[in-house]
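Beneath this line is the structure, given in structure tokens, with notes to follow.
Because the structure is a prediction, the values reported are computed rather than measured. Quick note: residue numbers are just sequence positions, from 1.
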Amino acid sequence: MGRKLYDVVIFPLVLGMGFVLSIAPSSKAQKQHAKKDIDQTAQILEKIEEYNSLNQPPPKSQPLANSNQETTTTLKEQTNDTLGQIEQYNQLNQPSEISPPLERVNSVNQLSDVLPTDWAYSALQGLAERYGCLLASPNATFSGNRAISRYEFAANLNECLQVIQSLIEEFDEGYISQEDLAKSQRLQEDFAIEIADLKSRLNALETRTDILEANQFSTTTLLKGQVTMALYDAFGNDGEDGATVSADDVQTAFGHAVTLNFDTSFTGLDFLRTRLRVGDLPGLNTETAHTFLNAGSPPDDVARLTEVYYIFPLNTKMSLYIGAAGLDFDLMAPALNPRLISGNTGSLALYPAYNPTIYIQVGGAGLGYSYQINENFRLDIAYLGGGPGGGTGRVNDPREGGGIFNGTNSAYAQLTVSPNLNFDFSFAYVRSYYTADLVNVSGFTGSRNAQRPFGRVATSADHFGFQTSYRWAPFTISGWVGYSNAEAEAGDREGDEADIWHWAVTVAIDDLVFENGMLGLSVGQQPKVTDIDGGEDDPDTSIQFQIFYNYRISNNIDITSGFFVETEPEHDDRNDPITVFVTRATWRF
């Protein structure tokens with residue numbers, strides 16, 4: 001046991017924490033310098049990706065406005081003017097204070113903040129109506145009292161010089177007053193450098209645009225990838241004295257997973273995802289679901305098509321989901337645990353990620369509908385067939401016991417209430433039916449009794465969940481309580497019922513110790529059978545505690561290290577506590 005404890009602590013935890021500390025800036029100056037380099041590189045890559053707005057899909061699980069999920073860009077932001085995005089791309093090397101692109105104004109009366117009584121009214125009128133070279137903000141304001149940069153002035157000047165030059169060529173120099181010509185020539189000399197720089201930037205932008213268009217993967221599809229590596233181990237129960245689980249034979253393991261997402265948009269508002277996964281990150285074999293990890297992959301490095309679904313808006317408030325594989329309810333409805341839900345940057349253990357009896361139920365193929373009623377209320381409903389956790393199950397099998405209606409399936413409904421920007425809560429209901437070969441009432445968490453209360457027989461269940469989340473910077477506090485009533489649908493125990501309860505509280509603290517760092521904490525009771533007909537309840541109560549630290553090295557690299565403890569695995573005090581240490585690194589490209 002001594003050597004076992006040494007191996008567990010030294011490899012997964014100390015190595016992980018030591019790496020986090022070694023890569024974190026050690027002084028304020030180093031921190032600022034490192035952050036500046038990271039931000040500059042990330043900005044360039046992000047701007048290149050933003051260049052073609054029609055190729056940018058809406059977020060994975062939020063075609064509607066939703067402040068609760070990890071990627072919170074709304075559909076409205078996806079329809080930003082393409083020219084505005086090109087302008088942003090062209091300004092990568094400009095000062096940080098960048099104003100929105102200016103637009104030509106044909107009449108001074110178009111400007112809402114310019115009145116005939118203003119001292120500069122006649123000058124502005126001349127520029128707009130005589131020469132047609134007055135530039136203003138896109139919101140029809142001139143902002144005459146605001147200071148401008150030399151680049152902004154050069155842009156205005158260059159516009160007027162081009163107009164004057166064309167007038168001279170079309171008519172003659174008499175059309176332009178000698179006084180105006182003298183002023184323009186002097187300004188042209190004073191701002192020659194800035195004007196030349198603007199032309200150079202425009203030429204560079206055109207060159208970069210040609211390169212992007214010639215080398216883009218697809219006019220409609222973006223390829224996004226992710227690589228996850230994890231070092232993990234467990235120690236605790238030795239399998240003696242009547243124990244039902246054991247971590248004594250678990251060795252320190254190193255797993256990996258690779259995900260490739262092909263994200264497609266045909267209109268700029270819709271979203272088609274095709275996902276391939278390959279790797280070998282099976283997790284821990286402790287004979288209990290209480291120690292399942294939040295990140296995993298198909299075993300033996302076998303590539304699988306795990307997601308195929310399409311999201312499109314019906315209007316600004318309604319969206320429709322249709323999926324053939326991997327369409328889960330957590331892709332539609334907000335799970336209200338935004339900081340711990342991710343298997344890359346969030347919880348190490350599966351259970352604290354989100355309410356398992358609501359979001360890790362039957363998924364795969366089916367339909368979903370989201371309705372943002374107003375800024376305070378949102379409704380999500382779905383009908384999905386397949387298998388627990390998004391597996392395809394027998395949804396494509398037309399024989400008895402298969403298909404989307406006769407096989408394993410679930411119907412979902414959730415109402416999310418957001419009284420303000422920092423507080424959300426939701427009520428969810430799921431009606432599930434499991435065929436004998438796919439019974440998993442508690443969603444890969446909880447005791448074996450909670451997963452199959454009546455054994456491998458057809459089972460139905462009604463799941464109820466209350467979820468909530470509150471943000472008070474830098475804290476995010478979330479939690480849920482869930483209740484399930486399961487009923488045997490076949491076999492000798494047909495008609496028997498079982499009650500299953502579970503709860504959890506999670507806390508995330510941002511920028512603790514280091515900027516871009518997050519400390520995560522959780523405590524909860526995994527699904528437990530509290531009452532069952534013709535069987536035995538879970539005899540005791542196990543509590544899971546978790547602590548981890550995530551450090552974002554850059555926009556593309558994260559490292560997370562920590563541990564979690566299950567006090568009485570399988571809700572049985574004959575089992576000693578099991579402690580799991582995990583160090584996980586994620587690269588995104």
Side-chain angles (χ1 to χ4, degrees), residues 58-72 259 261 271 273 275 277 292-296 306-311 319-323 325-347 349-372 378-392 409-416 424-432 440 442-445 463-469 476 478-480 482 484 502 504 506 522 524 527:
K60 172 184 175 183
S61 55
Q62 291 190 118
L64 300 178
N66 177 12
S67 61
N68 305 304
Q69 299 286 44
E70 184 173 335
T71 81
T72 55
T259 302
N261 293 323
F271 178 59
R273 165 156 288 181
R275 169 176 286 183
R277 296 205 73 192
F292 278 8
L293 303 181
N294 192 24
T306 59
E307 289 184 5
V308 180
Y309 59 84
Y310 182 56
I311 308 171
S319 291
L320 196 64
Y321 302 72
I322 180 170
L327 182 60
D328 293 320
F329 194 54
D330 67 291
L331 295 171
M332 310 174 202
L336 301 189
N337 195 23
R339 307 297 285 130
L340 269 68
I341 190 173
S342 172
N344 306 309
T345 62
S347 175
L350 174 62
Y351 178 67
Y354 40 42
N355 186 336
T357 58
I358 300 298
Y359 306 107
I360 315 182
Q361 278 303 310
V362 179
L367 294 171
Y369 168 80
S370 291
Y371 178 31
Q372 189 73 46
R378 169 174 171 160
L379 176 66
D380 296 274
I381 58 176
Y383 177 87
L384 303 174
T392 55
N409 62 77
S410 285
Y412 299 83
Q414 175 172 310
L415 177 65
T416 304
D424 307 280
F425 61 90
S426 67
F427 302 92
Y429 169 72
V430 181
R431 172 65 179 180
S432 298
N440 198 322
S442 58
F444 300 103
T445 63
H463 304 281
F464 302 87
F466 172 76
Q467 298 74 227
T468 186
S469 182
T476 301
S478 305
W480 67 81
S484 301
H502 63 96
T506 68
S522 69

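- Minimum interatomic distance between Leu336 and Pro338 (heavy atoms only, all atoms of both residues): C-CD, 3.5 Å.
- To the nearest 0.5 Å, atom CZ of residue Arg273 and atom CG of residue Leu327 are 12.0 Å apart.
- In this structure, Thr476 has no side-chain hydrogen bond (donor to acceptor under 3.5 Å, both in side chains) partners at least two apart in sequence or on a different chain.
- With values rounded to the nearest 0.5 angstrom, Ser478 atom OG is found 12.5 Å from Asn355 atom CG.
- Rounding to the nearest 0.5 angstrom, the gap separating the CG atom in Asn440 from the OG1 atom in Thr357 is 11.5 Å.
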Could you walk me through whether Ser347 and Thr506 pass the side-chain contact (heavy atoms from CB on, under 4.5 Å) test, one step at a time?
-> CA-CA 9 Å; Ser347 175; Thr506 68; over 6 Å; no
Hey, mind stepping through Ile360 and Leu350 against side-chain contact (heavy atoms from CB on, under 4.5 Å) and telling me if it holds?
-> CA-CA 10 Å; Ile360 315 182; Leu350 174 62; 4.0 Å; yes
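- Counting non-hydrogen atoms of other residues, nucleotides and ligands closer than 6.0 Å to CD1 of Ile322 gives a total of 12 or fewer.
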Yes or no on side-chain contact (heavy atoms from CB on, under 4.5 Å) for Tyr383 and Asn409, after CA distance, side-chain angles and deciding distance?
-> CA-CA 7 Å; Tyr383 177 87; Asn409 62 77; 3.3 Å; yes
Could you please spell out the steps behind the side-chain contact (heavy atoms from CB on, under 4.5 Å) verdict for Gln467 and Ile358?
-> CA-CA 10 Å; Gln467 298 74 227; Ile358 300 298; 4.1 Å; yes
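- Taking the six-membered ring for Trp and thresholds of 30 and 60 degrees, Tyr354 and Tyr359 have ring planes inclined between 30 and 60 degrees apart.
- Nearest heavy-atom pair, Gln361 versus Gly443, reported as atom, atom and distance to 0.1 Å: NE2-N, 4.0 Å.
- In this structure, Phe427 has its ring center closer than 6.0 angstrom to the ring center of Phe466.
- Residues Met332 and Gly368 share a closest heavy-atom pair of SD-CA, 3.7 Å.
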